[in-house]
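The structure follows.
Heavy atoms only: backbone and side chains are in, while hydrogens, waters and symmetry mates are out.
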Amino acid sequence: MLSSKLIKEAALAAGADICGIAPIERMKGAPDLMNPKFLFPECRSMIGFVFRIPRGLQRGIEEGTQFYQYPSMAYGGINEIYGPAVLYAVGRVIEDEGYEAFVYRNTGARGAVSDMDGKEGSTTSPEDYINRMGEGETVTKHHRKSLYTRKTREENVEPDLQFQFRLAAVACGLGEIGWSKMLLTPQFGPLQRVVFMFTDGEFDEYDEMYSGEPLCRKCGACVRECPGGCIPPIGSEKTVRVDLDGKLCEWGDIDMWRCYAFYSHAGRYYNPFVPKEVFDKNENGVLDLLENPDMVGTEETSAGIHEYMGQFLPNAAGYGLAKCGGCIRGCVSMLEKKGGCMEGRFKEPLRTRKTPWKLDR
């Protein structure tokens, strides 16, 4: 049996900010193609690691002065450097105790089920900009999985299994899912990323799922500050509900393809890299999704915007260049106010003006 104290001490010493441990049974009910139980049949426990996103990485976007640091450090830095290093260090501790350590970094949408719309098949990934033009009609311009992947045996699922990270974090007792679908923790609000590890070892103690005051205030700041109107209003019928081993998780049913387009390109009022004239002209209607607030996003429209906008943008730094961050900054700003879980964490608030900046065009 593994010691919870030993593993948590190793995790924090290696660089994780928070560590939570849960029995794998908490993921029961998850679809087979998103259930980490299928990673290996003997899996008994799951471990979640939280890495804080420094609030300062939002500062450049909040001021409209610097857009590289959030995707390069908060995405690329944690996913590619800090997270894997901690997984490797803690995995060694578990193996030294005689148990298997299945380390699982954030691989970025490589599963058989789309993390954008839940459908099976080859679809666009926000984290995986790969240009496959001219390589045949069977390969999409943006792709997220091998088209010909098959089960290796009848009782298994097809590779590569990609589970729902935020639900897994809730199962590990790390926090709750807010209305904007972001993971919220009592320590950092929406400012973190997570990685996981699975083992055949059982623990002497498991963490309970969070049961304190609701972390999401249902204030609607994420709805109001999303430049694309991608998040439905609080109380909308567009709601996703998941019963996670007795804990109800609920969030807005976000238009994820629209969110993809606005996260990367923000639209005419929040993208200082693209001239106003480009939006005015809207060549061949390629920017319709960014210009029409009532248009529902699709893979095709999102991919078309990404391809067209590439001519105006600086090269990505780490991951795709973020322009938006509206839901995160709105959430942080509200959680820092009276009654929020981020109240009193900083000497000065994130937002120093009444409203976020907006281009006059």
Basic-acidic side-chain contact under 4.0 Å: Glu277, Lys281: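 Result for this pair is no, no salt bridge flagged.
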Identify, with sequence neighbours excluded, every residue that meets side chain to side chain donor-acceptor pair (under 3.5 Å) alongside Ser180.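 If we apply the side chain to side chain donor-acceptor pair (under 3.5 Å) test to Ser180, skipping adjacent residues, there are no hits.
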Output every pair passing side chain to side chain donor-acceptor pair (under 3.5 Å) with a member in residues 42-53, not counting sequence neighbours, ordered by first then second residue.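 Output for this query lists Asp17-Arg52, Ser45-Tyr206.
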Report, as yes or no, whether the 6.0 Å neighbourhood of atom CD on Gln311 holds more than 12 heavy atoms from other residues, nucleotides or ligands.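 Yes - once you tally the heavy atoms of other residues, nucleotides and ligands closer than 6.0 Å, there are more than 12.
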Audit row: Glu291, Arg268, salt bridge (Lys or Arg N to Asp or Glu O under 4.0 Å) steps and yes/no: CA-CA 8 Å; Glu291 292 285 271; Arg268 73 161 62 217; 2.7 Å; yes
Residue pair Val242 / Glu250, side-chain heavy-atom distance below 4.5 Å: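 The answer is no, as the side chains (C-beta and beyond) never meet within the 4.5 Å cut-off.
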Derivation of the salt bridge (Lys or Arg N to Asp or Glu O under 4.0 Å) call for Glu205 and Lys8: CA-CA 11 Å; Glu205 184 178 4; Lys8 288 185 177 182; over 6 Å; no
Listing request: all ring-ring contact (aromatic ring centres under 6.0 Å, His included) pairs with a residue in residues 323-354, at least two apart in sequence or in separate chains.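 For residues 323-354: none.
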Name the atoms and distances for all side-chain donor-acceptor pairs under 3.5 Å in residues 213-230, with sequence neighbours left out.
unit_1 : atom_1 : unit_2 : atom_2 : d
Arg217 : NH1    : Met334 : O      : 2.5
Arg217 : NH2    : Lys338 : O      : 2.9
Arg224 : NH1    : Cys219 : O      : 2.9
Glu225 : OE1    : Arg351 : NH1    : 3.2
Glu225 : OE1    : Arg351 : NH2    : 3.2
Glu225 : OE2    : Arg351 : NH1    : 2.7

same_hphob_cluster(Leu289, Phe279) at 4.5 Å side-chain heavy-atom cutoff: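 They do share one cluster, since a chain of ILVMFWY contacts under 4.5 Å joins Leu289 to Phe279.
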Under the rule for salt bridge (charged side-chain N to carboxylate O under 4.0 Å, His left out), what residues qualify as partners of Lys151, not counting sequence neighbours?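 With neighbours one apart ignored, the set is empty.
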Name all pairs fulfilling the ring-ring contact (aromatic ring centres under 6.0 Å, His included) condition that reach into residues 221-255, sequence neighbours left out, sorted by first residue then second.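 Listed by first then second residue: nothing to list.
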